[in-house]
Amino acid sequence: MEKIVALCKRRGFIFPASEIYGGIANTYDYGHHGVLLKNNVIAQWWKAMIQERDDIVALDSAIIQHPRTWEASGHLEGFTDPLVDCRSCKLRFRADHIEEERAGDGHPEVRCGRAPSKLPGDYPECDLTEARAFNLMFETTIGPVKDAASTVYLRPETAQGIFLDFKTTLQWARRKPPFGIAQVGKSFRNEITPGNFIFRTLEFEQMEMEFFVPPDEVDSWHEYWLQERMDWYERLGLDRERLRLRPHGPEELSHYSNATSDIEYLYPIGWSELEGIANRGDFDLTQHAKYSGEKLEYVDTATQERYVPHVIEPAGGVGRTMLALLCDGYDEEEVEGRQRTVLRLHPQLAPVKVAVLPLVNRDGMPELAREIYEDLRGSVPAEYDDGGSIGRRYRRQDEIGTPWGVTVDGQTLDDRTVTLRDRDTLEQIRLPIDELGDELGRRLANPWRSPKLAA
Ligand code: ATP
């Protein structure tokens, strides 16, 4: 994990927020390459949810909703973690995490503050308080007067916005169950578990889809979405061996869930949740109907049959997907006696697809390289770099996961051919400048499998 964290900072992917003030707990900023990678992850999600299907529509609902939302959804009452403080080391833990680790189920996020090899409670100095319920929602106020009536919450999940808009969406979208509403956006949770980089942050982007189905079809749709979502992560290039499905035990289920399975990834901290896929039953629509007085149901105009749809929810996190991609893609190898660090990202996810580099900074090479770059960037994300030795520039591109590099050298000036280097195989071919665009397009469209896995 330290290597990933260092690379992310060095190459402008992700770094601690508010760093000049000493940072702020569990909060990170995304730099240039982090933003590009994040956008690509989200684009792949939309592609799978919207572009490749016709039974899901998109939504972007507000972060701050009417406060009754969270009464109805049960979050005000039940969205709590059992917190334990250690009076000795001053760290705070989740009692459920300690119990899981103690029972041998493995919860990698818990460590004793003074002796990290031990669990909180096991070191002689440990002095733990009783567990107490701690609500994870961030509160704020709206309006000119600060009183109880003006208290609102930053959403802890994007899902509720979807339930609030169920009726409106049903009216305009001309869909009938089974159909889904998808959204990507920030959620906020007052998490107390420190460390582990972007695995657990106070604000994070979720990719959530609520799939509304006739009640008697809910189990088969749950199975369907478990499979679909596993396949999606595999298509992003993640190692199938480092992905697994884990059904929740009855004591683990959220207050709204009838059944949940997590897709877990083998992060450097151990197997941990990447995405949860829950059967939420009719809990949310029924609750919001009760609290709002609106009828939230589906009426079949032909048969007059009416029912409250049940819901399957695949809920993933952008940050956790990025962390999995970074861990999976990170590789070190020795090439001709030199150590090389390379991020083997799926080309479609790579922040930059092609780097255009003049071999040296003279004889007209930079000018021609720049011309090629300006031509290519209209169709693929490209970078031009003429700073430092060619070796250093390739090392930089390898570390940000750029799949292809174009070098303009002396021969280019004579015959207008360039070399095209492949990040994974290090193979270089020579081809005319005019064929570059087509060649890159062809390579981008090709299926990709990490050479780490092939090996
Ligand atoms: P955990 O058990 O790890 O706290 P959760 O079960 O509470 O997670 P869900 O409510 O199912 O998480 O949220 C769906 C997804 O949102 C998670 O699978 C994860 O990818 C992401 N997510 C949830 N909380 C966080 C967080 N604090 N930081 C980053 N991502 C998060």
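Given the structure is predicted, the values throughout are model-derived calculations rather than measurements. Numbering of ligands and ligand atoms starts at 1, following listing order.
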Report task. Find out whether the Lys NZ or Arg CZ of Arg244 is both under 6.0 angstrom from the six-membered ring centre of Trp271 and within 45° of the ring's axis. Result -> yes
Query raised in the report: Any non-hydrogen atom of Gly316 lying under 4.0 Å from ligand 1?
Result: yes
Requested in this report: Check each heavy atom of Glu275 against ligand 1 and say whether those closer than 4.0 Å belong to the side chain, the backbone, both or neither.
Outcome: backbone
Query raised in the report: At what distance, to the nearest 0.5 angstrom, does CG of Asp385 lie from CZ of Arg392?
Result: 9.5 Å
Requested in this report: Ignoring hydrogens, just give me the one of Arg189, Glu203, His107, Glu191 whose non-hydrogen atom is nearest atom 5 (P) of ligand 1.
Outcome: Arg189
Query - Residue pair Met137 / Trp70: nearest heavy atoms and the distance that separates them - result: CE-CB, 3.8 Å
Query raised in the report: Given Glu273, Met207, Glu313, which has its nearest heavy atom closest to atom 8 (O) of ligand 1?
Result: Glu273
**Report entry** Residues, nucleotides or ligands: over 12 heavy atoms within 6.0 Å of Arg53 CZ
**Finding:** yes
Requested in this report: Give the single entry among Phe188, Phe79, Phe204 that approaches atom 25 (C) of ligand 1 most closely by any heavy atom.
Outcome: Phe204
Query - Where ligand 1 meets Phe199 - atom numbers and elements under 4.0 angstrom, heavy-atom basis - result: 28 (N), 29 (C), 30 (N)
Report task. Using non-hydrogen atoms of the residue, decide whether Glu157 is closer than 4.0 angstrom to ligand 1. Result -> no
Requested in this report: For ligand 1, find out whether one of its N or O atoms is nearer than 3.5 Å to an N or O atom of Glu109.
Outcome: no
Query raised in the report: Given Leu274, Thr321, Asp81, Asp262, which has its nearest heavy atom closest to atom 20 (O) of ligand 1?
Result: Leu274
Query raised in the report: Are side-chain N/O atoms of Asn196 and Tyr267 paired as donor and acceptor at under 3.5 Å?
Result: no
Query raised in the report: Can you name the closest pair of heavy atoms from Ser61 and Asp165 and give their distance?
Result: CB-OD2, 4.0 Å
